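Structure first, commentary second.
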2 protein chains.
Amino acid sequence: MSVLTGKHLIDGQWCAQSCESFSAYAPQMDEFISPQFHSAEAAEVNLAVQAAERGFEVIRQLSDHRRSELLTNIAQQLEYIRTPLVARCVRETGLPTARVNGEIDRTKKQLLHFASLLMEGNWRRACSASSDVTSHPDLQLSSVPLGPVVVFSASNFPLAFSVAGGDTASALAAGCSVIVKAHPAHPGTSEMVADCILSALKHLDIPPCVFSLLQSKDHEAGVALVTNPAVKAVGFTGSIQGGRALFDIVSQRPEPIPFFGELGSTNPVFVFDSTFANGVDAFAQAFLSSMTQGAGQFCTSPGILVLQKSEHLDTLLTSLAAAIPSQAKQTMLTPHICSAYRRATKQRQSRSELNTLAVGRVAENAQSQAHIALFSVSAQDYLSNPELEHEVFGPSTLIVICQDFAEQLEVAKSLRGHLASSVFSEPDTEDRQQVAQLVDALSLKVGRLVFNGFATGVEISPAMQHGGPYPSSTMAATTSVGSRAIERFMRPVCFQSMPVDYLPVVLTSATADQ
Amino acid sequence: MSVLTGKHLIDGQWCAQSCESFSAYAPQMDEFISPQFHSAEAAEVNLAVQAAERGFEVIRQLSDHRRSELLTNIAQQLEYIRTPLVARCVRETGLPTARVNGEIDRTKKQLLHFASLLMEGNWRRACSASSDVTSHPDLQLSSVPLGPVVVFSASNFPLAFSVAGGDTASALAAGCSVIVKAHPAHPGTSEMVADCILSALKHLDIPPCVFSLLQSKDHEAGVALVTNPAVKAVGFTGSIQGGRALFDIVSQRPEPIPFFGELGSTNPVFVFDSTFANGVDAFAQAFLSSMTQGAGQFCTSPGILVLQKSEHLDTLLTSLAAAIPSQAKQTMLTPHICSAYRRATKQRQSRSELNTLAVGRVAENAQSQAHIALFSVSAQDYLSNPELEHEVFGPSTLIVICQDFAEQLEVAKSLRGHLASSVFSEPDTEDRQQVAQLVDALSLKVGRLVFNGFATGVEISPAMQHGGPYPSSTMAATTSVGSRAIERFMRPVCFQSMPVDYLPVVLTSATADQ
């Protein structure tokens, strides 16, 4: 595909019926860019779901090897179009070229991770219990895929958590057909990636009903998708507000289905004073880098920093405040996200409990440019105003100043759920016992706990957990990154006294016995 | 305890404030029996939840070994009171003595199963990814318990799915404190079992806030429990109506929590004609035994039998109809359950699409006696009336008569979710391919598939799956029976670059490294 169509991909066809349309926006240029993209209508949603129902029958019958080939080939197709893909994605998102290239690498790595898992691991968690003399029956446990899956792609990771991102990769790996509801912030990128998936399906001679892409700027298409009875699971990455609205709709279905939502998280960072034994510069630099990475639009950005009063604290705050004006320009993903961020930081600037430590420069007429903003608050004021824990999506952090460790621990115990948290302390100091106490308290609040590091950067690994208690995610026992993500799109089935000849062939492949 | 108190167990104290009270009913005698049991009020719910919050801090810090001891000791305590427990349970439930004794055995086995798992298995699914030359961080994955858990006990398994049943055992094993909302159909049994748990806690010197029991005949206490923000998960075994109502309430919480509901299931049985090659008697006898087991009040009772028209079908139907009047008396658990059953079967008798094959005898003035009822319907009429798939809780089965295999397969594909299903076929016959096709279709509809056997009888095993798609359960990826039940009450946490000294001690016990 050399020219963007602005259409949906349904069952291998690029098609569009609606008059409703929208354009992508180039945040660096502050202008709309061509082409026009159509918004999916109810009829198109139905067609996509019907295709996904057929697609499910196709993909669930494919061998692990074939699905592994599919994922591998999608990764190859992304590589083939890397240059134009990066160009379009940079235009649509305002993200730097290096970051977009890195995200293509990550997206490929995720696809290849599941491709390997299918060939190497007991990803179905198969196990058996043989019948024995005490007349226990023979039991064979395996897993089946859930059915057609709807994936809502994220604004902030236009590739890695988008059309061919982690949710799609793990759902296809599990044997589910997928319908992606593209994010309207990067429709061209979405179309190009969808075309890669189509090319991979064609290359491998797999019917294209396995995957569909719908474009839409409105909520209607999303609601129609998740309420369709044929849809059996939903993956979502986005805001608490949007995610909760969809969660509520899904919960009220006659047949409720799993809604795997990754929503908001502030990822509090707890710092012991020993961290500054050799000065504050190293920490300040690492913090600013994590805070401003992707203009603070990472789900794991450090939105809260919890420190104790000390001789180093003033030095740190001065150092941070001084460094902020010289930070690089912060271009946000969309004018909508940017204006929400501006409203939120403006509101913080006006609050009497908060001290505005620094606000970066910004060209006021640039609709997508955000100022870095750093605030501080006393632990007591923080604890009396629970809304201060809420995520401000963008390059802003709230520093909570505690009188002592007891207050730090109190802040930790007061937390809602977060994706991640960090603890900084110089090892082998007298902090030891307090660090252990804090780690223990935080383990009940988050999905991942990082020692002496920030949570930005999420490794793709069997040992990763990306998902914490609500509101950071809607199903904290599952992860959206790493090997176990595949388990979200399958469920166990026990075959009792079943002759091996009658077991579904795809469940008895060699890898299932490992 | 020699005399029942009729009170709640909260934080080690038997207490009751309310004026509201109710009695147990003895279905065999058709009479209310002493003592009076109090219905929990809001204040008592709050006290129980506060105790459970403290109890969670206690039990989550216990070593695997200590929790294993606790489960083992509860099993011992049940044995100590076996004789009076059986006597009270038989009176309250109308179940035969042998069945109640068997259920004590099963309950003990479940407790000991988790006691073993804690000492032997990598039940936390711990794993690690070491840092390496390409600068991947060191990741340690473990699991933490969710928090205070509320368990709604079942009417139909007064021991094995009740106070010290599977949900309680697996939640305690995972490190969660537990509040059981006892079923009002067997309050005395519940009090006796709760006292066993209290004795075990005292014996092991574990603070009693770990476990509470609330009695109630009303919905209010249950609603107050599941809406309390400190409660972090719910286990439920009961009806679709009651379970869905609680599911909806839990989904609407500001912080939604997992609701592990086991609701209704009809467990369809598909029979190939080859089964009758040596006559219909063996099958007829096995079927009647499964259908009438526990007066058809098992969650895995065969409520639908899907057969093909054949020379053997008439013989089978005649044989079943003839055998039914001589079946043993069917005493149901409560007058309420029995009247609902009578209404449902009466309604089926009046439907023109249904043919009433046999209705057993019943003493009309006995409020808890149910008649066995067997109906038949053509596959086409069955498929046009989806409500015929719904569970009729009690000793009733609907026989669906198909013209051919295609109709049988159509019935299979039309199913909602069920806990289990069975396929009967003589092995090594020409059914082979059709059996495989049917097994494949059914694998998408159920949690367990039994070959040449009925689903009644659920093995406690790592390879068991007790939970199927909605409405049979609300979270089909989890099981309420077998080793993996423990996973419902925990969630993974990833520790990144965390020195081993700072890892919570209970997560680094030797067993976590297996």
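Numbers restart at 1 for each chain; the letters A, B, ... are given by sequence-line order, proteins then strands. On a predicted model such as this, the values are computed, not experimentally measured, just so you know.
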Between [options], the one whose heavy-atom pairs under 4.5 Å with chain A are most numerous:
options                            : result
R416(B), Q252(B), K232(B), R60(B)  : R60(B)
Q437(B), Q433(B), M490(B), E487(B) : E487(B)
R244(B), M475(B), M464(B)          : R244(B)
A436(B), A476(B), G482(B)          : A476(B)
A420(B), P469(B), P471(B)          : P469(B)

Q. Any side-chain heavy atom of V439(A) sitting closer than 4.5 Å to one from P504(B)?
A.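 Result yes, sub-4.5 Å side-chain heavy-atom pair found.
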Is it true that a side-chain atom of [X] and a backbone atom of [Y] form a donor plus acceptor pair closer than 3.5 Å?
X       : Y       : result
S473(A) : G467(A) : no
S265(A) : L419(A) : yes
R106(B) : I460(B) : no
R448(A) : A455(A) : yes

Could you tell me which portion of [X] (side chain, backbone, both or neither) has an atom closer than 4.5 angstrom to a non-hydrogen atom of chain A?
X       : result
V450(B) : both
L444(B) : both
Q434(B) : neither

Q. Which residue, W123(A), F260(A), F56(A), forms the ring-ring contact (aromatic ring centres under 6.0 Å, His included) with F489(A)?
A.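 Result for ring-ring contact (aromatic ring centres under 6.0 Å, His included) with F489(A): F260(A).
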I need the residue from [options] with the largest number of non-hydrogen atom pairs under 4.5 Å to chain B.
options                            : value
S143(A), P254(A), G453(A), G417(A) : P254(A)
N452(A), T474(A), D501(A), T478(A) : D501(A)
G447(A), S251(A), P492(A)          : P492(A)
E255(A), E459(A), H466(A), M498(A) : E459(A)
S443(A), G147(A), S422(A)          : S443(A)
R488(A), Q465(A), Q61(A)           : Q465(A)

